[in-house]
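Below, chains carry the letters A, B, ... as their sequence lines are ordered, and counting in each starts from 1.
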Amino acid sequence: MDKVYKHKDVEEKIYKSWEEKGFFRPEVNPKGKPFSIILPPPNANAPLHFGHAMYVIEDILIRYHRMKGDKTLWLPGADHAGFETQFVFEKKLQGEGKSRFDFDRETLYKMIWDFVSENRPVMEGQLRRLGFSLDWGRKKFTLDPDIVKIVYRTFKKLYDDGLVYRAERLVNYCTYDGTSFSDLEVLYEERKDPLYYIKYGPLVLATTRPETKFGDTAVAVHPDDKRYQKYIDKEIEIETVLGKAKIKVIADDFVDMEFGTGVVKITPAHDFDDNEVASRHNLPLKQVIGFDGKMNEKAGKFEGLYVKQARKAVVEEMQNKGLLEKVDENYTHRIGLCYKCKNPIEPLPLEQWFVKTGELAKPAISAVKKGLPAGRQGKIKIYPKNFEKIYFDFLENIRDWNISRQIVWGIRVPAYKCRNPKSEIRNPKSKNEWFISEIKPEKCEVCGECDFEQDPDTFDTWFSSGQWPFATLQTNKEGDFKTFYPTSVMETGYDILRWWVARMVMLGIYETGKIPFVNILLHGLVNDPLGKKMSKSKGNAVNPLELVDQYGADAVRFALVYGTATGNDQSLSYPKLQSMRNFTNKLWNIGRFLQLQLDSGLFKDIKPAEGKREPEKYKEMVESVDNLSKKVSESLDQYRFHDAANELYEFIWHVFADKYIEELKEPLKDGEIEALAAFIYVWETSLKLLHPFMPFITEELWRKIPEAEGDLIVSKWPSFAKASEGKPL
RNA sequence: GGACGAUUAGCUCAGUUGGUAGAGCGUCGCAUUUACACUGCGAAUGUCGGGGGUUCGAGCCCCUCAUCGUCCACCA
């Protein structure tokens with residue numbers, strides 16, 4: 001054996017041997033009780049980033065339960081990541097001087113498909129490099145035909161249950177990317193813009209968006225505002241850049257009397273707040289900006305101008321006509337930006353598919369809530385507990401979920417529109433011109449004869465990934481769903497608790513009648529060494545594989561759980577990685593020391609019998625490692641990974657290596673069999689306990705112990721009966 | 001504006017139900033060709049962010065303030 005541990009000689013070889021022997025499959029423990037985790041599917045469009053290395057927590061749990069004899073499944077997969085992927089691909093096209101508008105829908109889809117197909121194996125290779133014991137035979141992709149079928153089934157069911165509706169609603173629309181975004185996806189930024197004070201007949205109001213005035217359907221004041229009482233509920237005559245007009249004055253307490261003049265123009269088609277005011281007062285929507293970002297015919301002579309140009313032109317015109325009272329140039333406010341291209345989001349009315357979330361949220365809330373009547377008690381536990389509050393906040397204030405996306409890359413909505421203008425007469429039963437079909441329909445289900453067309457939109461990525469636990473298990477090996485659903489743990493970053501986890505609970509309960517998982521475990525983010533969030537655009541992203549090359553997978557894995565409480569953020573630390581690498585070297589040299597004893601010739605024909613493996617003479621060592629087994633097991637059961645890691649590190653290095661081995665050196669020189677037996681007992685136990693954290697080196701060292709049988713990955717987890725003997729728990 | 005988290009040794013962070021502060025790295029001293037220098041032994045270092053309260057006793061519980069971070073909601 002070398003003096004120094006060389007991870008590159010070990011890792012690939014060991015992983016391959018595990019995979020070939022089928023140890024990652026639950027079938028290795030056919031009689032065990034089920035334990036399952038579905039891997040949060042990484043985006044198929046890009047190599048792994050550092051956050052993915054946190055999957056190590058799942059691997060620790062999986063390996064622990066596998067060794068405990070559970071029928072253990074860790075199911076891998078990949079997410080098509082609709083918009084993310086299309087954006088990355090668009091960038092690639094840009095680099096080639098092209099854009100997505102150069103291709104038709106089918107060609108574009110095929111191109112992205114090929115692009116993703118190239119990336120997926122890369123990503124899977126990376127997961128292997130980190131040692132993750134995933135059952136590759138069960139891997140799924142969100143665009144697999146059988147997954148799509150399930151997504152269609154759920155959509156149809158929601159529709160038939162009246163939980164899906166189509167409505168013209170304001171959406172966050174990016175006229176540059178040509179797509180709408182959910183509220184969660186919009187980025188807000190502080191900007192300085194002019195605030196224009198415009199004369200509206202007898203009133204003056206302040207606005208940052210004079211170009212939307214053509215879409216005004218009312219002017220609002222606060223009901224208690226003494227200045228404007230006489231105008232409330234009256235129509236006022238106003239002079240505009242397009243001539244005289246009449247507009248209604250309404251009272252609504254959303255108006256801030258202190259702001260500007262205390263008068264607000266209401267533009268329901270282009271502002272979210274105005275839209276809500278409009279729905280309270282039954283005001284009509286008047287769209288003046290098109291989806292191309294240009295003013296439409298309702299803007300009169302400003303038609304065809306882009307919003308920015310129109311604003312300038314309208315302001316100029318108002319100035320000329322004396323309609324502009326003053327301009328506050330130093331007004332700062334927050335505006336919504338497209339989180340990808342950073343252009344301003346334009347609220348626009350668009351027909352969308354929405355899911356009514358109110359009824360879906362209720363069981364998702366009670367699934368976690370404690371203190372409910374018997375039978376409705378929370379069955380899902382969230383760790384760390386403080387994230388419960390975020391979960392409840394989201395679900396208790398949930399808004400309906402817009403699940404349509406105007407992009408090509410994704411699961412196309414299986415909704416079809418009748419094109420027969422008389423369809424409603426022909427079929428009075430149909431609520432509208434749409435029908436939903438899980439399979440490509442032969443004929444129009446509304447009128448029965450027209451040349452119907454499919455909705456061009458695709459589903460929000462979270463709509464499909466929100467069904468991931470049951471979708472992956474229902475489309476896998478026979479019986480998987482029955483055996484492994486609900487899964488034992490859903491482990492992911494806390495940043496997607498609402499986007500993903502809460503939605504999985506809603507859709508899981510809705511579709512299967514059961515919770516999708518029993519425990520929710522959330523880990524923190526990994527920041528750069530200076531504590532800043534890693535991101536590609538900032539250039540501070542670290543590729544986890546580079547660190548694996550440098551320090552070894554085991555050291556990287558251990559560094560991620562050591563010294564940081566579960567759920568807390570951590571900063572990448574090179575000194576920490578180095579000391580964890582040193583720890584692997586310490587392990588290696590313990591193994592090397594044992595090898596030297598075995599090679600000494602003193603223990604040639606000796607095979608310590610079972611009874612001798614826990615020698616009375618070294619009772620303290622045996623008890624102390626048994627006590628370690630107890631502590632590590634308890635820590636893992638409570639998801640206290642940092643405690644377990646700390647115990648292991650302390651014991652193996654500073655107790656076993658520094659103390660026990662020194663004490664055993666002399667007896668070993670004398671060829672004392674009990675000393676060897678004690679050494680091996682403590683060593684074997686230590687390797688087992690450490691294996692979930694550092695799988696590669698422990699397996700390699702295990703195979704060097706002469707009487708160690710089989711592979712460490714499937715060896716029996718140490719019991720700790722002796723440790724608790726005589727000691728109160 | 002709201003919520004959550006953080007604030008503990010020079011740095012990075014632990015500290016589970018309240019019982020006179022811990023680790024890793026770093027620093028300083030000593031040892032040594034030793035299974036391992038990616039080593040061993042030893043040492044120093046903290047009014048636990050500020051203030052107030054509960055308690056026999058608070059890093060931990062309560063109130064308040066400050067700074068940083070994250071998420072959510074967003075006033076034209």
Side-chain angles (χ1 to χ4, degrees), chain A residues 1-5 183-184 186 188 193 195-198 205-210 212-213 216 219-220 222 254-267 270-274 277 331 333-336 384 386-394 397 399 493-499 524-525 527 529-533 551-552 555 559 562-597 634-635 638 640 642-643 645-647 649-650 653-654 657-659 661-662 664-665 668 679:
Chain A
M1 279 172 85
D2 282 316
K3 274 194 171 189
V4 174
Y5 171 57
D183 293 348
L184 301 165
V186 178
Y188 288 92
D193 281 313
L195 182 65
Y196 304 95
Y197 285 72
I198 305 171
L205 58 78
T207 181
T208 53
R209 303 207 58 187
T212 62
K213 72 187 302 301
D216 292 355
V219 176
H222 194 279
F254 117 98
V255 179
D256 179 357
M257 287 190 271
E258 309 293 317
F259 188 90
T261 58
V263 185
V264 191
K265 68 195 206 62
I266 301 298
T267 321
H270 299 291
D271 182 282
F272 289 100
D273 288 308
D274 293 3
V277 173
Y331 176 64
H333 64 151
R334 297 173 82 89
I335 60 161
N386 45 290
F387 289 112
E388 274 180 11
K389 192 158 181 169
I390 294 175
Y391 179 86
F392 290 134
D393 276 355
F394 175 67
N397 304 306
R399 291 185 168 204
Y494 65 73
D495 53 330
I496 49 172
L497 176 59
R498 309 160 198 248
W499 304 55
L525 274 31
N527 295 318
L530 299 172
K532 300 279 176 216
K533 198 169 175 172
Y551 300 98
Y562 184 92
T564 306
T566 312
N568 285 356
D569 292 350
Q570 61 179 310
S571 302
L572 188 65
S573 160
Y574 289 98
K576 188 158 138 189
L577 282 162
Q578 213 166 61
S579 54
M580 294 311 143
R581 195 250 349 242
N582 293 355
F583 183 45
T584 59
N585 198 54
K586 177 57 85 172
L587 292 165
W588 185 254
N589 278 287
I590 296 172
R592 185 161 171 262
F593 179 76
L594 173 63
Q595 195 63 47
L596 292 174
Q597 309 312 309
E634 285 171 354
S635 295
Q638 294 164 40
R640 299 181 61 85
H642 61 290
D643 279 351
N646 192 50
E647 295 285 355
Y649 183 94
E650 270 311 298
W653 196 323
H654 299 300
D658 290 346
K659 263 182 73 188
I661 292 183
E662 292 306 317
L664 291 170
K665 269 182 182 170
L668 285 168
F679 188 108

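Among the atoms of the strands shown, only primed sugar atoms or phosphate atoms (P, OP1, OP2) are found under 4.0 Å from some heavy atom of Leu596(A). Looking at heavy-atom distances under 4.0 Å, Ala220(A) makes no contact with the nucleic acid at all. Using a 4.0 Å heavy-atom criterion, one finds that Asp569(A) contacts no nucleic acid atom at all. Residue-level contact check: Tyr331(A) touches the backbone only, with heavy atoms under 4.0 Å from sugar-phosphate atoms and none from bases. Residue contacts for His654(A): at a heavy-atom cut-off of 4.0 Å it reaches the sugar-phosphate backbone alone, with no base atom in range. Asp256(A) comes within 4.0 angstrom of a base, heavy atoms only. Across all strands, Ser573(A) comes closer than 4.0 Å to no nucleic acid atom at all (heavy-atom distances). Across all strands shown, Ala206(A) has heavy atoms under 4.0 Å from base atoms, whether or not it also approaches the sugar-phosphate.
The base of rC36(B) sits with one of its N or O atoms less than 3.5 Å from a complementary donor or acceptor on the side chain of Lys586(A).
The side chain of His642(A) places no N or O atom within less than 4.0 Å of a non-bridging phosphate oxygen (OP1 or OP2) of rA23(B). Note on Arg581(A): every side-chain N or O is 4.0 Å or more away from OP1 and OP2 of rC38(B). Residue Asn582(A) places none of its side-chain N or O atoms closer than 4.0 Å to OP1 or OP2 of rC36(B). OP1 and OP2 of rA76(B) both lie 4.0 Å or more from every side-chain N or O belonging to Lys265(A). Distances shorter than 4.0 Å separate none of the side-chain N or O atoms of Arg640(A) from OP1 or OP2 on rA14(B). Listed pair Lys533(A) / rC71(B) meets the phosphate criterion, a side-chain N or O lying under 4.0 Å from OP1 or OP2. Between Lys389(A) and rC4(B), a side-chain N or O to OP1/OP2 separation shorter than 4.0 Å is present. Side-chain nitrogen and oxygen atoms of Asn568(A) include at least one within less than 4.0 Å of the OP1 or OP2 phosphate oxygen of rA14(B).
When Watson-Crick and G-U wobble pairs are counted only if both distances are under 3.5 Å, rA14(B) pairs with no nucleotide at all. Base-pair partner of rU54(B): not found among the strands shown (Watson-Crick or G-U wobble, both distances under 3.5 Å). Checking rU39(B) for Watson-Crick or G-U wobble geometry (two distances, each under 3.5 Å) identifies rA31(B) as its partner. In this structure, rG26(B) forms no base pair with any nucleotide, since neither Watson-Crick nor G-U wobble geometry is met with both distances under 3.5 Å. When Watson-Crick and G-U wobble pairs are counted only if both distances are under 3.5 Å, rC48(B) pairs with no nucleotide at all. With both pairing distances under 3.5 Å, rU7(B) is matched to rA66(B) as a Watson-Crick or G-U wobble pair. As the counterpart of rA76(B), no nucleotide is assigned, since no Watson-Crick or G-U wobble pattern has both distances under 3.5 Å.
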